[in-house]
Amino acid sequence: MYKRIVLIAVFMGIYLLNAQNPIVQTYFTADPAPMVYDGTVYVYTTHDEDETVDNFFTMFNWRCYSTSDMVNWTDHGVVASLDDFAWSDKTNGAWAPQGIERNGKFYLYCPIHGDGVAVLVSDSPTGPFTDPLGHRLVQDSENVWHDIDPTVFIDDDGQAYLFWGNPRLFFVKLNEDMISYDRSIGNNGIVAVEMNHEAFGTHEGRGGQVRTTYTEGPWVYKRNNLYYLVYAAAGIPEYIAYSTAPSIEGPWTYRGFIMERAPHLAFTNHPGVIDFKGNSYLFYHSHELSGGEGFKRSICVEQFEYKPDGTIPLIEPSKEGVSQSVANLDPYQRVEAETIAWSEGLKTAHNEETGIYVSQIHNNDYLVVKSVDFGKGAKSFEASVASASAGGNIELYLGGVDGELLGTLSVENTGGWNKWKSKSCKLKKTSGVHDIYFVFKGGEDELFNFDWWKMK
Ligand code: FUB
(Lines give C-alpha, C1' and ligand atoms only; values in the text may rest on other atoms or scores of the structure.)
Protein backbone atom coordinates (compact mmCIF):
# COMPACT_ATOMS: atom_id res chain seq x y z
CA MET A 1 0.00 0.00 0.00
CA TYR A 2 2.79 2.38 1.06
CA LYS A 3 4.69 1.61 -2.17
CA ARG A 4 1.57 2.41 -4.23
CA ILE A 5 1.17 5.80 -2.52
CA VAL A 6 4.85 6.57 -3.14
CA LEU A 7 4.48 5.56 -6.81
CA ILE A 8 1.37 7.73 -7.24
CA ALA A 9 3.16 10.66 -5.54
CA VAL A 10 6.19 10.26 -7.83
CA PHE A 11 3.91 10.05 -10.87
CA MET A 12 1.97 13.18 -9.79
CA GLY A 13 5.29 14.99 -9.24
CA ILE A 14 6.50 14.11 -12.74
CA TYR A 15 3.10 15.06 -14.16
CA LEU A 16 3.13 18.47 -12.47
CA LEU A 17 6.73 19.15 -13.49
CA ASN A 18 5.80 18.49 -17.11
CA ALA A 19 2.50 20.35 -17.09
CA GLN A 20 2.27 23.46 -19.27
CA ASN A 21 -1.53 23.61 -19.43
CA PRO A 22 -3.24 25.72 -18.39
CA ILE A 23 -0.73 28.39 -19.37
CA VAL A 24 -1.85 30.82 -16.64
CA GLN A 25 -2.11 29.54 -13.08
CA THR A 26 -2.37 32.83 -11.15
CA TYR A 27 -5.89 33.78 -12.39
CA PHE A 28 -8.80 32.13 -14.12
CA THR A 29 -8.61 33.13 -17.78
CA ALA A 30 -10.84 32.06 -20.70
CA ASP A 31 -11.58 32.72 -24.38
CA PRO A 32 -7.96 33.04 -25.59
CA ALA A 33 -7.41 35.42 -28.54
CA PRO A 34 -3.79 35.16 -29.69
CA MET A 35 -2.24 37.93 -31.80
CA VAL A 36 1.24 37.68 -33.36
CA TYR A 37 2.98 41.03 -33.44
CA ASP A 38 6.67 41.88 -33.83
CA GLY A 39 8.07 38.45 -32.86
CA THR A 40 5.79 38.10 -29.85
CA VAL A 41 2.50 36.31 -29.23
CA TYR A 42 0.04 38.41 -27.22
CA VAL A 43 -3.00 36.57 -25.91
CA TYR A 44 -6.01 38.62 -24.87
CA THR A 45 -8.19 36.71 -22.45
CA THR A 46 -11.38 37.07 -20.54
CA HIS A 47 -11.11 36.77 -16.78
CA ASP A 48 -13.37 34.54 -14.69
CA GLU A 49 -13.42 36.04 -11.19
CA ASP A 50 -12.29 33.86 -8.26
CA GLU A 51 -15.74 34.43 -6.68
CA THR A 52 -18.60 33.52 -9.03
CA VAL A 53 -21.83 35.51 -8.52
CA ASP A 54 -25.28 33.90 -9.09
CA ASN A 55 -23.68 30.74 -10.49
CA PHE A 56 -23.03 32.42 -13.85
CA PHE A 57 -20.14 33.97 -15.80
CA THR A 58 -18.63 36.65 -13.56
CA MET A 59 -16.35 38.69 -15.80
CA PHE A 60 -15.43 42.34 -15.35
CA ASN A 61 -12.24 42.86 -17.36
CA TRP A 62 -9.86 41.60 -20.02
CA ARG A 63 -6.26 40.48 -19.38
CA CYS A 64 -3.21 40.06 -21.64
CA TYR A 65 -0.26 37.65 -21.60
CA SER A 66 2.70 37.49 -23.97
CA THR A 67 5.49 35.13 -24.95
CA SER A 68 8.34 34.96 -27.43
CA ASP A 69 9.11 31.28 -26.77
CA MET A 70 5.64 29.66 -26.30
CA VAL A 71 6.52 28.29 -22.85
CA ASN A 72 7.22 31.32 -20.60
CA TRP A 73 4.25 33.72 -20.38
CA THR A 74 4.53 37.33 -19.17
CA ASP A 75 1.49 38.70 -17.35
CA HIS A 76 0.48 42.22 -18.47
CA GLY A 77 -2.45 42.31 -16.07
CA VAL A 78 -5.84 43.85 -16.78
CA VAL A 79 -5.55 45.79 -20.06
CA ALA A 80 -9.21 46.82 -20.44
CA SER A 81 -12.42 46.63 -18.45
CA LEU A 82 -16.15 47.37 -18.57
CA ASP A 83 -15.30 50.74 -16.95
CA ASP A 84 -13.69 51.78 -20.26
CA PHE A 85 -17.18 52.06 -21.81
CA ALA A 86 -18.84 55.08 -20.19
CA TRP A 87 -22.02 54.54 -22.27
CA SER A 88 -22.64 51.00 -20.97
CA ASP A 89 -24.16 50.44 -17.54
CA LYS A 90 -23.22 46.74 -17.50
CA THR A 91 -21.28 45.72 -14.41
CA ASN A 92 -20.76 42.14 -15.60
CA GLY A 93 -20.29 40.60 -19.06
CA ALA A 94 -16.72 41.28 -20.28
CA TRP A 95 -16.89 38.37 -22.74
CA ALA A 96 -14.59 36.99 -25.44
CA PRO A 97 -12.53 39.70 -27.21
CA GLN A 98 -10.02 39.73 -30.07
CA GLY A 99 -7.20 42.18 -30.80
CA ILE A 100 -5.47 43.16 -34.04
CA GLU A 101 -2.84 45.67 -35.18
CA ARG A 102 -3.32 48.03 -38.12
CA ASN A 103 -1.11 50.98 -39.08
CA GLY A 104 0.58 51.02 -35.67
CA LYS A 105 -2.68 51.06 -33.68
CA PHE A 106 -4.10 48.14 -31.70
CA TYR A 107 -7.84 47.48 -31.84
CA LEU A 108 -9.51 45.35 -29.20
CA TYR A 109 -13.02 44.17 -30.13
CA CYS A 110 -14.91 43.57 -26.90
CA PRO A 111 -18.36 42.04 -26.52
CA ILE A 112 -20.27 43.37 -23.51
CA HIS A 113 -22.87 40.70 -22.85
CA GLY A 114 -26.23 42.38 -23.37
CA ASP A 115 -24.73 45.56 -24.79
CA GLY A 116 -23.27 44.24 -28.07
CA VAL A 117 -19.86 44.47 -29.70
CA ALA A 118 -17.66 47.46 -28.83
CA VAL A 119 -14.13 48.51 -29.76
CA LEU A 120 -11.15 50.00 -27.93
CA VAL A 121 -7.93 51.41 -29.38
CA SER A 122 -4.37 51.80 -28.11
CA ASP A 123 -0.86 52.68 -29.28
CA SER A 124 0.48 49.55 -27.57
CA PRO A 125 -0.65 45.91 -27.57
CA THR A 126 -0.88 45.99 -23.79
CA GLY A 127 -2.81 49.28 -23.53
CA PRO A 128 -3.89 51.62 -22.14
CA PHE A 129 -6.96 51.22 -24.39
CA THR A 130 -9.57 53.94 -24.86
CA ASP A 131 -13.05 53.98 -26.38
CA PRO A 132 -12.89 55.92 -29.69
CA LEU A 133 -16.67 55.85 -30.31
CA GLY A 134 -18.62 56.42 -27.09
CA HIS A 135 -21.17 53.83 -28.25
CA ARG A 136 -21.22 50.21 -29.39
CA LEU A 137 -19.55 49.45 -32.72
CA VAL A 138 -22.18 47.12 -34.23
CA GLN A 139 -25.46 49.05 -34.48
CA ASP A 140 -28.95 47.94 -35.65
CA SER A 141 -28.54 44.38 -34.45
CA GLU A 142 -31.49 41.96 -34.50
CA ASN A 143 -30.70 40.86 -30.94
CA VAL A 144 -27.94 42.60 -29.04
CA TRP A 145 -27.72 39.74 -26.47
CA HIS A 146 -26.61 37.45 -29.30
CA ASP A 147 -23.82 39.83 -30.34
CA ILE A 148 -20.86 38.13 -28.66
CA ASP A 149 -17.47 36.68 -29.58
CA PRO A 150 -16.12 39.05 -32.27
CA THR A 151 -13.27 37.80 -34.47
CA VAL A 152 -11.38 40.15 -36.78
CA PHE A 153 -9.38 39.49 -39.93
CA ILE A 154 -7.65 41.65 -42.57
CA ASP A 155 -7.58 40.08 -46.03
CA ASP A 156 -4.63 40.40 -48.42
CA ASP A 157 -6.37 43.24 -50.28
CA GLY A 158 -6.60 45.25 -47.04
CA GLN A 159 -10.32 44.67 -46.50
CA ALA A 160 -11.02 43.97 -42.82
CA TYR A 161 -13.90 41.81 -41.61
CA LEU A 162 -15.47 41.43 -38.19
CA PHE A 163 -17.48 38.22 -37.60
CA TRP A 164 -19.41 37.44 -34.40
CA GLY A 165 -22.50 35.79 -32.98
CA ASN A 166 -24.25 33.07 -31.00
CA PRO A 167 -26.20 31.10 -32.20
CA ARG A 168 -26.04 32.74 -35.64
CA LEU A 169 -23.01 34.14 -37.40
CA PHE A 170 -22.80 37.66 -38.83
CA PHE A 171 -20.14 39.88 -40.34
CA VAL A 172 -19.48 43.49 -41.25
CA LYS A 173 -16.82 44.86 -43.59
CA LEU A 174 -14.76 47.21 -41.45
CA ASN A 175 -13.55 50.45 -42.93
CA GLU A 176 -9.82 51.19 -42.91
CA ASP A 177 -10.22 53.10 -39.62
CA MET A 178 -11.26 49.73 -38.03
CA ILE A 179 -13.89 51.50 -35.91
CA SER A 180 -16.67 51.89 -38.52
CA TYR A 181 -18.03 49.68 -41.29
CA ASP A 182 -19.55 49.70 -44.74
CA ARG A 183 -23.28 50.32 -44.27
CA SER A 184 -24.11 49.72 -47.95
CA ILE A 185 -24.22 45.92 -47.75
CA GLY A 186 -26.54 43.47 -45.92
CA ASN A 187 -28.90 44.88 -43.34
CA ASN A 188 -27.47 48.37 -42.82
CA GLY A 189 -24.00 46.81 -43.04
CA ILE A 190 -24.66 43.52 -41.20
CA VAL A 191 -24.47 40.35 -43.31
CA ALA A 192 -25.98 37.14 -41.89
CA VAL A 193 -23.98 34.04 -42.85
CA GLU A 194 -26.27 31.29 -44.13
CA MET A 195 -26.42 28.58 -41.46
CA ASN A 196 -26.81 25.41 -43.53
CA HIS A 197 -25.62 21.85 -43.08
CA GLU A 198 -23.04 21.99 -45.88
CA ALA A 199 -21.41 24.95 -44.19
CA PHE A 200 -21.61 23.86 -40.54
CA GLY A 201 -22.52 20.16 -40.38
CA THR A 202 -25.30 18.80 -38.20
CA HIS A 203 -25.73 17.43 -34.71
CA GLU A 204 -28.63 16.48 -32.52
CA GLY A 205 -29.35 19.38 -30.20
CA ARG A 206 -31.29 19.41 -26.94
CA GLY A 207 -34.76 17.92 -27.40
CA GLY A 208 -33.59 15.82 -30.33
CA GLN A 209 -33.67 18.67 -32.89
CA VAL A 210 -31.22 18.42 -35.78
CA ARG A 211 -29.14 21.62 -35.80
CA THR A 212 -26.06 23.01 -37.48
CA THR A 213 -22.99 22.55 -35.25
CA TYR A 214 -21.95 26.23 -35.17
CA THR A 215 -22.54 27.58 -31.67
CA GLU A 216 -20.24 30.55 -30.92
CA GLY A 217 -16.59 31.64 -30.57
CA PRO A 218 -15.75 32.10 -34.30
CA TRP A 219 -12.10 32.54 -35.31
CA VAL A 220 -11.36 33.49 -38.94
CA TYR A 221 -8.02 33.46 -40.77
CA LYS A 222 -6.44 32.65 -44.11
CA ARG A 223 -3.68 30.15 -44.80
CA ASN A 224 -2.28 29.13 -48.20
CA ASN A 225 -5.21 30.76 -50.02
CA LEU A 226 -7.79 28.88 -47.97
CA TYR A 227 -10.09 30.68 -45.51
CA TYR A 228 -10.68 28.99 -42.16
CA LEU A 229 -13.52 29.49 -39.71
CA VAL A 230 -12.91 27.66 -36.44
CA TYR A 231 -15.64 27.75 -33.77
CA ALA A 232 -17.18 26.27 -30.65
CA ALA A 233 -19.62 23.65 -31.92
CA ALA A 234 -22.44 21.28 -31.04
CA GLY A 235 -22.88 22.89 -27.63
CA ILE A 236 -23.43 22.66 -24.85
CA PRO A 237 -21.08 20.99 -23.96
CA GLU A 238 -19.00 22.41 -26.79
CA TYR A 239 -16.56 20.77 -29.17
CA ILE A 240 -14.29 22.73 -31.52
CA ALA A 241 -15.05 22.36 -35.22
CA TYR A 242 -14.11 24.18 -38.41
CA SER A 243 -15.23 25.04 -41.91
CA THR A 244 -13.22 26.29 -44.89
CA ALA A 245 -14.04 28.47 -47.90
CA PRO A 246 -12.43 29.80 -51.09
CA SER A 247 -13.43 33.34 -50.03
CA ILE A 248 -13.92 35.04 -46.67
CA GLU A 249 -17.55 35.58 -47.58
CA GLY A 250 -18.05 31.82 -48.24
CA PRO A 251 -19.45 29.47 -49.29
CA TRP A 252 -18.23 27.56 -46.21
CA THR A 253 -17.77 23.79 -46.16
CA TYR A 254 -17.93 21.90 -42.90
CA ARG A 255 -14.68 20.02 -42.12
CA GLY A 256 -15.47 18.36 -38.79
CA PHE A 257 -14.27 18.48 -35.20
CA ILE A 258 -10.71 19.43 -34.28
CA MET A 259 -11.16 19.08 -30.51
CA GLU A 260 -13.56 16.66 -28.91
CA ARG A 261 -14.91 16.63 -25.38
CA ALA A 262 -12.63 15.59 -22.52
CA PRO A 263 -13.33 15.38 -18.79
CA HIS A 264 -11.06 18.35 -17.99
CA LEU A 265 -12.74 20.63 -20.56
CA ALA A 266 -15.47 23.05 -19.48
CA PHE A 267 -19.02 23.11 -20.90
CA THR A 268 -17.82 25.96 -23.13
CA ASN A 269 -14.76 25.94 -25.33
CA HIS A 270 -13.29 28.76 -27.39
CA PRO A 271 -10.62 28.51 -30.13
CA GLY A 272 -7.82 30.80 -31.30
CA VAL A 273 -5.37 29.65 -34.01
CA ILE A 274 -1.99 31.10 -35.01
CA ASP A 275 1.23 30.26 -36.81
CA PHE A 276 4.33 31.42 -34.93
CA LYS A 277 8.02 30.83 -35.72
CA GLY A 278 7.13 28.02 -38.16
CA ASN A 279 4.74 26.16 -35.86
CA SER A 280 0.94 26.08 -35.66
CA TYR A 281 -0.93 26.41 -32.36
CA LEU A 282 -4.51 25.99 -31.19
CA PHE A 283 -5.55 27.93 -28.06
CA TYR A 284 -8.64 26.84 -26.10
CA HIS A 285 -9.78 26.69 -22.49
CA SER A 286 -10.34 24.01 -19.83
CA HIS A 287 -11.71 23.87 -16.28
CA GLU A 288 -8.81 21.81 -14.95
CA LEU A 289 -7.35 24.46 -12.61
CA SER A 290 -10.64 25.08 -10.77
CA GLY A 291 -11.23 21.36 -10.39
CA GLY A 292 -14.19 21.33 -12.77
CA GLU A 293 -16.00 24.66 -12.33
CA GLY A 294 -17.33 25.77 -15.72
CA PHE A 295 -17.39 29.45 -14.73
CA LYS A 296 -13.73 29.29 -13.69
CA ARG A 297 -11.81 28.41 -16.80
CA SER A 298 -8.17 28.56 -17.87
CA ILE A 299 -6.50 29.08 -21.23
CA CYS A 300 -4.44 26.27 -22.77
CA VAL A 301 -2.45 25.75 -25.97
CA GLU A 302 -1.46 22.78 -28.16
CA GLN A 303 0.97 22.65 -31.05
CA PHE A 304 -0.33 20.88 -34.18
CA GLU A 305 0.52 20.31 -37.84
CA TYR A 306 -1.81 20.91 -40.77
CA LYS A 307 -2.12 17.90 -43.07
CA PRO A 308 -0.61 18.38 -46.55
CA ASP A 309 -4.07 19.19 -47.97
CA GLY A 310 -4.53 21.98 -45.42
CA THR A 311 -6.98 20.11 -43.20
CA ILE A 312 -6.58 20.26 -39.43
CA PRO A 313 -6.11 17.01 -37.48
CA LEU A 314 -8.03 16.08 -34.35
CA ILE A 315 -6.10 17.78 -31.52
CA GLU A 316 -5.90 16.23 -28.03
CA PRO A 317 -6.41 18.66 -25.14
CA SER A 318 -3.35 17.67 -23.08
CA LYS A 319 -1.96 18.66 -19.71
CA GLU A 320 1.58 18.74 -21.11
CA GLY A 321 0.70 21.42 -23.69
CA VAL A 322 3.64 22.92 -25.57
CA SER A 323 6.81 21.29 -24.28
CA GLN A 324 9.21 22.71 -26.87
CA SER A 325 10.28 26.35 -26.48
CA VAL A 326 11.00 28.17 -29.75
CA ALA A 327 13.62 30.46 -28.17
CA ASN A 328 15.79 30.48 -25.07
CA LEU A 329 15.41 33.04 -22.30
CA ASP A 330 18.32 35.42 -21.62
CA PRO A 331 18.86 35.65 -17.84
CA TYR A 332 21.44 38.46 -18.22
CA GLN A 333 18.68 40.92 -19.17
CA ARG A 334 16.12 41.95 -16.57
CA VAL A 335 13.38 39.29 -16.52
CA GLU A 336 9.98 40.21 -15.09
CA ALA A 337 9.13 37.89 -12.19
CA GLU A 338 5.67 37.53 -13.76
CA THR A 339 7.28 35.71 -16.73
CA ILE A 340 6.27 32.20 -15.76
CA ALA A 341 6.12 28.75 -17.36
CA TRP A 342 4.39 27.20 -14.37
CA SER A 343 3.60 28.31 -10.81
CA GLU A 344 1.92 27.01 -7.70
CA GLY A 345 0.20 29.15 -5.06
CA LEU A 346 0.96 32.59 -6.54
CA LYS A 347 -0.94 35.65 -7.74
CA THR A 348 0.17 38.78 -9.57
CA ALA A 349 -0.64 42.37 -8.61
CA HIS A 350 -0.07 45.83 -10.09
CA ASN A 351 1.08 49.24 -8.95
CA GLU A 352 1.97 52.44 -10.81
CA GLU A 353 5.68 52.34 -9.90
CA THR A 354 6.59 48.75 -10.80
CA GLY A 355 3.76 47.60 -13.05
CA ILE A 356 2.94 43.90 -12.58
CA TYR A 357 4.75 41.85 -9.92
CA VAL A 358 4.38 38.41 -8.30
CA SER A 359 2.41 38.57 -5.05
CA GLN A 360 0.89 36.42 -2.31
CA ILE A 361 4.08 34.39 -1.93
CA HIS A 362 3.98 31.80 0.86
CA ASN A 363 6.26 29.04 2.10
CA ASN A 364 6.84 26.34 -0.58
CA ASP A 365 5.12 28.26 -3.39
CA TYR A 366 7.23 28.16 -6.53
CA LEU A 367 7.51 29.31 -10.10
CA VAL A 368 9.32 27.79 -13.07
CA VAL A 369 11.08 29.60 -15.92
CA LYS A 370 11.95 27.30 -18.82
CA SER A 371 14.85 27.17 -21.30
CA VAL A 372 17.08 29.66 -19.52
CA ASP A 373 20.34 30.01 -21.43
CA PHE A 374 23.18 30.46 -18.91
CA GLY A 375 25.73 30.62 -21.74
CA LYS A 376 29.20 30.13 -20.27
CA GLY A 377 28.03 30.63 -16.71
CA ALA A 378 26.19 32.86 -14.26
CA LYS A 379 27.85 33.73 -10.97
CA SER A 380 25.26 35.79 -9.17
CA PHE A 381 21.51 36.41 -8.95
CA GLU A 382 19.84 39.76 -8.33
CA ALA A 383 16.14 40.34 -7.60
CA SER A 384 13.85 43.25 -6.78
CA VAL A 385 11.69 42.38 -3.79
CA ALA A 386 9.52 44.09 -1.16
CA SER A 387 8.25 42.83 2.18
CA ALA A 388 6.28 44.11 5.15
CA SER A 389 6.66 40.81 7.03
CA ALA A 390 9.64 38.79 8.22
CA GLY A 391 10.50 38.02 4.57
CA GLY A 392 11.94 34.66 3.53
CA ASN A 393 14.23 33.09 0.94
CA ILE A 394 14.25 32.51 -2.81
CA GLU A 395 15.95 29.17 -3.50
CA LEU A 396 17.02 28.55 -7.09
CA TYR A 397 17.04 24.93 -8.32
CA LEU A 398 18.02 23.46 -11.68
CA GLY A 399 15.46 21.29 -13.47
CA GLY A 400 13.07 20.59 -10.56
CA VAL A 401 12.09 21.52 -7.01
CA ASP A 402 14.41 18.70 -5.93
CA GLY A 403 17.12 19.57 -8.48
CA GLU A 404 20.58 20.99 -7.77
CA LEU A 405 20.47 24.05 -5.48
CA LEU A 406 22.18 26.93 -7.30
CA GLY A 407 21.86 29.59 -4.62
CA THR A 408 19.67 31.17 -1.97
CA LEU A 409 18.64 34.83 -1.83
CA SER A 410 17.45 35.99 1.57
CA VAL A 411 14.82 38.71 1.68
CA GLU A 412 14.26 40.74 4.85
CA ASN A 413 11.52 43.22 5.74
CA THR A 414 12.03 46.18 3.35
CA GLY A 415 9.57 48.46 5.16
CA GLY A 416 6.46 47.80 3.05
CA TRP A 417 4.84 45.57 0.43
CA ASN A 418 5.74 48.22 -2.17
CA LYS A 419 9.12 49.36 -0.76
CA TRP A 420 11.28 47.71 -3.38
CA LYS A 421 14.93 46.73 -2.79
CA SER A 422 17.39 45.06 -5.08
CA LYS A 423 19.12 42.10 -3.35
CA SER A 424 21.70 39.67 -4.69
CA CYS A 425 23.39 36.37 -3.85
CA LYS A 426 26.11 34.15 -5.27
CA LEU A 427 25.21 31.28 -7.60
CA LYS A 428 27.01 27.99 -8.23
CA LYS A 429 28.61 28.53 -11.63
CA THR A 430 26.22 27.05 -14.20
CA SER A 431 26.38 26.85 -17.98
CA GLY A 432 24.03 25.57 -20.68
CA VAL A 433 20.25 25.75 -21.05
CA HIS A 434 18.10 24.80 -18.05
CA ASP A 435 14.68 25.18 -16.49
CA ILE A 436 14.97 27.12 -13.21
CA TYR A 437 12.70 26.58 -10.23
CA PHE A 438 12.33 29.56 -7.89
CA VAL A 439 11.14 28.00 -4.62
CA PHE A 440 9.97 30.42 -1.91
CA LYS A 441 10.71 29.55 1.72
CA GLY A 442 9.85 31.21 5.03
CA GLY A 443 7.40 31.26 7.93
CA GLU A 444 3.64 31.00 7.87
CA ASP A 445 2.88 34.59 6.83
CA GLU A 446 2.98 36.09 3.38
CA LEU A 447 6.72 36.38 2.64
CA PHE A 448 7.44 39.13 0.08
CA ASN A 449 6.56 40.52 -3.36
CA PHE A 450 8.85 39.82 -6.33
CA ASP A 451 9.15 42.24 -9.27
CA TRP A 452 12.11 41.21 -11.45
CA TRP A 453 15.33 39.23 -11.53
CA LYS A 454 18.60 39.13 -13.43
CA MET A 455 21.85 37.11 -13.43
CA LYS A 456 25.45 38.18 -13.77
O1 FUB B 1 -16.69 33.60 -21.66
C2 FUB B 1 -18.04 33.95 -21.87
C3 FUB B 1 -18.58 33.20 -23.05
O4 FUB B 1 -18.41 31.80 -22.86
C5 FUB B 1 -17.83 33.47 -24.34
O6 FUB B 1 -18.20 34.67 -24.92
C7 FUB B 1 -18.16 32.25 -25.12
O8 FUB B 1 -17.37 32.05 -26.24
C9 FUB B 1 -17.99 31.18 -24.07
O10 FUB B 1 -16.66 30.82 -23.92
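Just follow the structure's listing: the first ligand is 1, and inside any ligand the first atom is 1. When a residue number appears, it is its place in the shown sequence, counting from 1.
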- Item | Passing option when F200 is tested against Y231, W252, Y254 for ring-ring contact (aromatic ring centres under 6.0 Å, His included) |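 For F200, the ring-ring contact (aromatic ring centres under 6.0 Å, His included) check succeeds only for Y231.
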
- Task: For E142, enumerate each residue passing the salt bridge (charged side-chain N to carboxylate O under 4.0 Å, His left out) test, keeping only those at least two apart in sequence or located in another chain.
- Result: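 Checked E142 against salt bridge (charged side-chain N to carboxylate O under 4.0 Å, His left out); matches are R168.
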
- What ring pair (Phe, Tyr, Trp, His ring centres under 6.0 Å) pairs are there with at least one residue in residues 113-141, not counting sequence neighbours?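 Found W95-H113, H113-W145.
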
- With sequence neighbours excluded, what pairs up with Y284 under the ring-ring contact (aromatic ring centres under 6.0 Å, His included) test?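 If we apply the ring-ring contact (aromatic ring centres under 6.0 Å, His included) test to Y284, skipping adjacent residues, there are no hits.
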
- Aromatic ring proximity Y437/Y397, centre distance under 6.0 Å: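 No - the distance between ring centres of Y437 and Y397 does not fall below the 6.0 Å cut-off.
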
- Name the residues with a heavy atom less than 4.0 Å from ligand 1?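 Ligand 1 pocket, heavy atoms under 4.0 Å: D31, F57, M59, W95, A96, D149, E216, T268, H270, H285, R297.
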
- Looking only at heavy atoms, what is the nearest atom pair of T339 and V369, with distance?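 Closest approach of T339 to V369: O-CG2, 3.6 Å.
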
